[in-house]
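Written below as structure tokens is the structure these notes are about.
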2 protein chains.
Amino acid sequence: MLTRGKLAKHVGCNIETIRYYEKVGMLSEPDRGANGYRQYEELHIKQLQFIQRAKGLGFSSGSIKTLMEITHNIEARTRAEVKTLTDAHILEISQKIKDLQKLEKTLISLTDQCDGANKSAKHCPIINSMYEI
Amino acid sequence: MLTRGKLAKHVGCNIETIRYYEKVGMLSEPDRGANGYRQYEELHIKQLQFIQRAKGLGFSSGSIKTLMEITHNIEARTRAEVKTLTDAHILEISQKIKDLQKLEKTLISLTDQCDGANKSAKHCPIINSMYEI
DNA sequence: ATTTGACCCTGTATGAAGTACAGAGTTTAT
DNA sequence: ATAAACTCTGTACTTCATACAGGGTCAAAT
């Protein structure tokens, strides 16, 4: 049983963020003690860690909510639903990977052209490439 | 000479976004006509396209402002500065790619093990593996 | 046992990065 | 001439958090 502050410290997020995630339905509501304090369990730690990971990967709150449903609320879902949702997300993820790889390739080729020497940036290929349509 | 609406249409952004970019100093202030209307020129088209392209490459607004400043005050900056900024971004992107690939792999293993039959997912054996993402 | 400090509760305000809208003036088209 | 379409400004709303204010609670030191 963790309080909100303990949970925040444990996963390394802001204490208010937890309340926010609860408000928008990304984190399931914990039980409350007689004093009204939230009582967090293992489940909430895992949910929060998952959210943090997905956030870091640039997923929207909507997507995270769906992913949360797949991973956490799986009891309430049929296998067909799970498979459909997951397949859609795999597509989304593989597209993101492709986009990022393209981006990475572009940036690497740009820095390769740029020797980083201590000269004026007037003719820097990075800036020039961005000015080009 | 373009009005705000024409510029927005030309570069494919929201008309209000242009005013916003001007407000935060990302887009330089255009001249005004006798009626007070903004009069945009080639420069502003290029600046907007620069912003869009940099955003598309995943640069934050802060980084874009820096890059914009570099181009405005070009003699004071060096290629090394631009290269440093870009290199940091490449690192971030390659980490994102790695994270996404790991997530994709996990999700694929999830669907591979799921027969998609119209049964409850309650006892789906891979719930725990999802938490290891 | 009391007090002090750290913690929790709620609601509300703030920040970034836009987007939308209201009310007023201007240009364009029919 | 008049309506539609556009522009101007300021302000409000959105999302994803983060911060703060005013009040209640817990736990440890005195």
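Computed from a predicted structure; not experimentally measured. A note on names: the letters A, B, ... follow the listed sequences, proteins ahead of strands, and every chain is numbered from 1.
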| message | Under 4.0 Å, heavy atoms only, any strand: does B:R19 hit a base, just the sugar-phosphate, or nothing? | response | base
| Hey, does the side chain of A:N35 come within less than 4.0 Å of D:dC26's phosphate (OP1/OP2), counting only N and O? | yes
| query | Taking only N and O in the side chain of B:Y21, is any of them less than 4.0 Å away from OP1 or OP2 of C:dG18? | reply | yes
| query | Please give, in whole Å, the distance from C:dC8 P to A:L2 CG? | reply | 10 Å
| field | Rounded distance (Å) that lies between atom P of C:dC9 and atom CG of A:D31 | value | 13 Å
| Atom NZ of A:K96 and atom CG of A:L100: how far apart are they, to the nearest 0.5 Å? | 8.0 Å
| Which one, C:dT26, D:dA19, D:dC26, comes nearest to the side chain of A:Y37? | D:dC26
| message | Expressed as a whole number of angstroms, how long is the span from A:Q52:CD to D:dC16:C1'? | response | 14 Å
| Between CD of A:Q52 and SG of A:C13, what distance do you get to the nearest 0.5 Å? | 5.5 Å
| remark: Winner on side-chain proximity to B:I15, out of C:dC8, D:dC16, D:dT7, is D:dT7
| task | Kindly point out which of D:dC8, D:dT25, D:dC16 is positioned nearest to the side chain of A:Y20? | result | D:dC16
| Think B:R38 has a side-chain N or O under 4.0 angstrom from the OP1 or OP2 of D:dT7? | no
| task | Would you kindly give the CD-to-C1' distance between B:E22 and D:dC8, to the nearest whole Å? | result | 12 Å
| Any idea which of C:dC9, C:dA20, C:dG25 is nearest the A:R32 side chain? | C:dC9
| message | I want to confirm an ordering. Mapping B:N14 and B:S61 to their closest nucleotides on DNA chain C, which one lands closer to the 5' end? | response | B:S61
| Does B:K55 put a side-chain nitrogen or oxygen below 4.0 Å from OP1 or OP2 of C:dG18? | yes
| said: Rounded at 0.5 Å granularity, tell me how far CD1 in A:I18 sits from CG in A:L7. | reply: 4.0 Å
| Between atom OH in A:Y40 and atom C1' in C:dC7, what is the gap in whole Å? | 14 Å
| task | Between A:I51 and B:Q39, just flag the one whose closest nucleotide in DNA chain D comes earlier from the 5' side. | result | B:Q39
| field | Gap between atoms NZ and P, on B:K6 and C:dT27 respectively (whole Å) | value | 13 Å
| field | N or O in side chain of B:T3 less than 4.0 angstrom from C:dT26 OP1/OP2 | value | no
| Taking the side chain of A:E16 as heavy atoms from C-beta outward, which of D:dC20, D:dC6, C:dC8 is closest to it? | D:dC20
| request: Among B:H44, B:E29, B:E22, find the residue that satisfies the side-chain contact (heavy atoms from CB on, under 4.5 Å) test when tested with B:R38. | output: B:E22
| request: Would you kindly give the CD1-to-P distance between B:I18 and C:dA20, to the nearest whole Å? | output: 14 Å
| said: So, taking the atom named CG in B:D31 and the one named CD in B:E41, what distance separates them when rounded to the nearest 0.5 Å? | reply: 6.0 Å
| D:dA12 P sits how many Å from B:K23 NZ, rounded? | 13 Å
| Does OP1 or OP2 of D:dT25 have a side-chain N or O of A:R4 closer than 4.0 Å? | no
| Got a second to check how far B:K46's NZ is from B:L43's CG, nearest 0.5 Å? | 9.0 Å
